[in-house]
Structure formats: structure tokens, C-alpha cells
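Quantities reported herein were computed from a predicted structural model and do not represent experimental measurements.
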Amino acid sequence: MELADRAVGFLLSITSLSIFTYYTFWVIILPFVDSDNFIHNYFLPQEYAILIPVCAGVALLCLLCIFIGLVLLKSKKKKA
């Protein structure tokens with residue numbers, strides 16, 4: 001089981017590092033590259049650089065609120 005946990009941790013670390021590198025290159029470096037360069041074909045338009053994290057944050061906040069609400073409802077039922 002320890003090996004499986006380490007494998008999952010390694011996979012999550014690699015995924016996080018890849019997303020961070022892609023997003024950093026997209027937001028910080030890509031605006032300084034000419035717009036006719038081939039590298040622009042691998043990235044979405046700049047508007048999505050703000051839209052995607054904002055939507056992900058709102059979704060995460062909603063899921064967190066739902067989870068807290070369910071936990072509070074369950075704890076009320078146990079007391080009654």
C-alpha cells in the first residue's frame with residue numbers, strides 16, 4: 001500500500017508541476033513572443049488565462065460550501 005501511495009503522490013506532483021509550468025509560460029512568457037510564431041498554436045487565447053482559474057475557484061468554493069453544509073446537517077441529526 002505504501003508503494004501505491006508514493007505512486008499517487010508522484011503522479012499528483014508531476015501533474016501539478018506540468019500545469020504550473022504550462023500556465024506560467026502561457027501567462028508570463030507568451031505575451032512577449034510574436035503572435036505569428038508557431039508556439040501560439042499550443043495555447044488558448046489570453047482571455048482564458050483569467051477565466052479558467054476563476055471558474056475553477058468558484059466551482060471549488062461551491063463544492064466546499066456544499067460539503068460543509070452536509071457535514072453540519074449530519075451533525076444536527078446526530079444530536080437530535
I need the [X] [atom1] to [Y] [atom2] distance, nearest 0.5 Å.
X: S35; Y: L30; atom1: OG; atom2: CG; value: 10.0 Å
X: I68; Y: L73; atom1: CD1; atom2: CG; value: 12.0 Å
X: Y23; Y: I52; atom1: OH; atom2: CD1; value: 8.5 Å

Examine [X] and [Y] and state if one hydrophobic cluster contains both, with Ile, Leu, Val, Met, Phe, Trp and Tyr joined whenever side-chain heavy atoms are less than 4.5 Å apart.
X: L17; Y: Y22; result: no
X: L51; Y: I28; result: yes
X: L61; Y: L63; result: no

Are there over 12 heavy-atom neighbours, none belonging to L72, within less than 6.0 Å of that residue's CG?
yes
Taking distance alone, no hydrogens or angles, what donor-acceptor pairs closer than 3.5 Å link side-chain atoms of residues 40-48 to residues at least two apart or in another chain?
| unit_1 | atom_1 | unit_2 | atom_2 | d |
| --- | --- | --- | --- | --- |
| H40 | NE2 | V33 | O | 3.3 |
| H40 | NE2 | D34 | O | 3.1 |
| N41 | ND2 | F38 | O | 3.4 |

Closest non-hydrogen contact found for W26 with P31 is O-CD, 3.7 Å
